[in-house]
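Each remark here refers to the structure printed beneath this line.
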Amino acid sequence: MRVLYNRASCDRNGKPYPGSKPIVWWDEAAGRWAGYDVPDVPVLTDGPSTPNGQRPFHLNAEGVGRLFAAVYDDPDPKNPGIPRDSSYVPKDGPFPEMYEPVESPVENLLHPKVASNPTLKYPRVASHQPIGKAKDFPYVLMTSTVAEHWCAGSTTRNIPWLNELVPEPVVEIPESLAKKLSVKSGDWVRVSSARGELTVKAMVTPRMKTLQVAGREVTVVWMPYNWGYRGLSTGVSVNHLTIDAGDPGAGTQETKACLVNLVKAGPGTGAGGRTV
Amino acid sequence: MSAPAGTSTPIKTTLVDVNNCIGCRACQVACKQWNDREGESTETLVQLGYQNPATLTAKTYTLISFDEIPDEKAPGGLHYTFTMRRCFHCLEPACVSACPTTALVRQPDGPVTYDAAKCIGCRYCMLACPWDVPTAEWDSLAPKISKCTHCADRSAQPPPTARNGQPLSPAETKSFLDTVSTPACVKACPADALRFGEREEMLTEARRRIAARPGKYVDHIYGEKEAGGTSVLYLSPVPFEKLGFPEVGNKPYPGFSSKAMAAVPPAVMAVGAMLGVAYAAFKQRVRAVADGPAGSAEAGHHVEFERLRGKLMTPLNRILVVLILFCGVSMVARFVRGLGGSTHLSDTYPWGLWIVFDLVWIAVAAGAFAMAGAIYVFQRKDLYRLGRSAVLMGLLSYSFVTVTLVADLGLPWHFYQLGLQAPEHSAMFEVSWCVGLYVTILALEFVPVPLERWGFTRALAAWRRWSGVYVALAMTLFVYMLSRNPVYAAATAVVFGTLAWAFRARDSHSEPIMLAIAAVTLSTMHQSSLGSLYLLVPNMLAPQWWSPVMPINFFLSSIVAGTALVILINMWIAKGWHRPLEMKPLAAVGQITLWSLVVYLGFRLGDLAVRDQLAGAFSGKLGLAFVAEIGLGGVLPLLLLARRSLRVRPPVLLTGALLAVLGVVYDRMNVVLFAMNLRGRMPWVAPQLYAPSLVEWGVSIGLIAATIFLFGLGARLVPLLARPEASEGH
């Protein structure tokens, strides 16, 4: 299976929505779900007329999608008191909303007074969780994985085949910023945030452009988060820089976006990082 | 072997759609996994984006290169393309044509595969490949060639008949074949950037994709026609030259040298027969002039040979011994540290100093066959005085070229494969056999001198009786090995057998004409085939040097260099060993040099003119090299040697001969190194530099020293030098 919940690409009767690319469908003649992908349904032979045929989001206890819900328990008759499944309830909602990250160079255009999620408590410990300001840390750092390494890399950074492909972390910076900092691809740059700093190789790219947000130039730089100090390939951990403000619903850290500053590091500087 | 598309066996083909590739490089890892290749220790190649490693290597059969190609119409102003780089599996592969031992073969269904057990490690395939795909294992003591095999070993797997004890249905068997029997890269691809199937199917699919999304693709299927068609096809959103794909033309590469190689077996017969006829004619004329019985013609040119007196360990020879010792050390280092560890050869420069050295040395050692031909075939008995030294020099030179090859080959202990395998049109195979046989001919040409010296009369009689038979056998074997055609072999046996019988030794004064004929025939073949080696690289060798008639250029220039070196050696002998300088025979050799130079230059420039390359030949840096080579090494010696009154003056003859030799030396250096556009392996982003290592210099210089030393030793042991004629009056 490649697409989770692909049953949801069909209508109630198990037919792909008109005008869409068919992925899976109910094959009436064969009496089973069929498709280009493996149908993501509870039971392959349970057609649209059965309850199982109407449960596209089958990882949810109730099998259907949710906008907003109360606590849900699916009681198990065999084991009273231990539900078969129970649902978690989002802390915020019910509708999607646009918030700026805790650290952002611009105000929230939708509602300037409430820039970030009001249900989020941050800093939790003020003395240890500083929040950077755009005047000190003018650039946005985004982080993500690379395809070749998985999460913090504890497995993948011990596989030489994968280390060959991406041997070390880099910071990707747009050409405009590279010009401003007089940095070429391969130069060492020091990246700092309110929480830490590190030195890493620059990779200058035309694939990222300076953005115009709220009439201001916003420059985004990027680093992978797959490195650490152990393994066959070691490298600076970008989490020296990132912010640990959690999303109030899932608790996921807001490591995708924070504010940083970049300066060109002198010759002879190698990789290294520390938390302030 | 080379069945182009449309013949009975369907060609298995991979279609690479650059548009679909997402750059995940699962193929690159899957390839290493299946082929059991190590991961490389790399650094971020910041100039190449995320591409890693920079080029194909012995450990990397395939890689994805990342290109950021500006295009105003594309979203964001650029195409970010991910392009698979790997072997194209030509329908008519240059590497297979080059391989002297059929270690590389094209399977009937397409894949070009490699068998290390047959490989001698000559690395000619690396040079021949128009896409610079094959690589060598430079960090190994037994460096094999390394390239994509199109996972031929995967498709060879028989489908299982059962799983967990349950028989497989036909559908399941087909599903197995569809997944497991495809190359590892294709199986790993999650984005439909790689498709695998029969070539016609893939071409249809490619055309369908282009037609379905005309704006998304350039209307070109790279590999459909390139180099005669390949079994890896590419579709791209940008013109292929922007991805760095070279323009290789539509002609199959083996075609560049196969004609020259196919000409060798008939040429052996023709040259041999012509030499026999020429000999008979000249002999007749000499007899007529002498107007007497056969013996008297030779009696008129009776030459006494003598040994060199004086002690061996002169200051020069002491230096030579030191160099020879250094050569020994270098040889040990070569095998202890391996080819990659002891030389500066690389995937960019698979051939270096040693090949220059071989090509140069074989060219200048052409004096031996030129003198043998002149003295015996063309009855220039006035040059007989120079014959023995020329032959010994030839024997030593060719022997040490063979020694250099032992050092230069990656897997020299597989040399016997040259006797077991039957490549179709490999110039390397021809050169190997031809040089090997010619060394035996040279040895036979020289052996009567020591036999006479130490009084082995019975051996001498046997030599006289059997050397003609040996020549006939050797030539027959040679033609059979090259053509694998019993009819050709039989015809050769008839031609050379007839000659051997006609020119059989009738008395103890008879001439070793069969050996001379063999020497000239074999030399004609391998001197020219050394040029044929480079016929396969029209894309790399600059047009001033590359020519479809390069074999003839090489042959003609070898006569120039060989005869000029005979002059130099004899002047050096006169000077160094305090012997009278005999200008008469040397000036006569100078005349041969002159005429061969006239023919060579005329042919070379004429060929350039005919192919419309003359106008552009003088521009640029290579134009300068060309001018230097032709002007200083060709025209100038031509002027110096042009008049007899000039030729007999020692400084003029010396300068002329020296320039002529250096001109040919420079020509060979240009061909091997300077005029070659060596860009490193695919995708040509990291060409390495080359300067020969100490070991390379040590072996080369040491073997030259050994030649000079052994020549001096030979001159002291056996009568090598003609006793000065009283009439010379020096």
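A, B, ... follow the sequence lines: proteins, then strands. Residue 1 opens every chain. Values reported hereafter were calculated over all heavy atoms of this structure, with side chains retained and with hydrogens, waters and symmetry mates removed. For clarity, every value in this text was computed on a predicted model and none was experimentally measured.
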Looking only at non-hydrogen atoms, find the nearest pair between [X] and [Y] and report the distance.
X: L162(A); Y: V29(B); value: CD2-CG2, 3.9 Å
X: A202(A); Y: V46(B); value: O-CG1, 3.6 Å
X: E68(B); Y: P206(A); value: OE1-CD, 3.1 Å
X: V166(A); Y: R25(B); value: CG2-NH2, 3.4 Å

[X], [atom1]: over 12 other non-hydrogen atoms inside 6.0 angstrom:
X: K180(A); atom1: NZ; value: no
X: K144(B); atom1: NZ; value: no
X: R190(A); atom1: CZ; value: no
X: W34(B); atom1: CH2; value: yes
X: R32(A); atom1: CZ; value: no

Rounded to the nearest 0.5 Å, how far does [atom2] of [Y] lie from [atom1] of [X]?
X: T42(B); Y: N163(A); atom1: OG1; atom2: CG; value: 7.5 Å
X: T205(A); Y: F66(B); atom1: OG1; atom2: CZ; value: 12.0 Å
X: L48(B); Y: S185(A); atom1: CG; atom2: OG; value: 10.0 Å
X: W161(A); Y: Q28(B); atom1: CH2; atom2: CD; value: 12.0 Å

(request) In plain terms, say whether K32(B) and E164(A) are close enough for a salt bridge, that is, a side-chain N and a carboxylate O under 4.0 Å apart. (result) yes
Check each atom of [X] against the heavy atoms of chain A and say whether the ones under 4.5 Å are side chain, backbone, both or neither.
X: T44(B); answer: both
X: E38(B); answer: backbone
X: E40(B); answer: both

(request) Heavy atoms only, distances under 4.5 angstrom: which of M203(A), K201(A), K209(A) has the most pairs with chain B? Name it, please. (result) M203(A)
(request) Give, as side chain, backbone, both or neither, the part of E168(A) having an atom under 4.5 angstrom from any heavy atom of chain B. (result) both
(message) So for L232(A), is it side chain, backbone, both, or neither that comes closer than 4.5 Å to the heavy atoms of chain B?
(response) neither
(request) Answer whether the closest heavy-atom distance between the side chains of V170(A) and Y50(B) falls below 4.5 Å. (result) yes
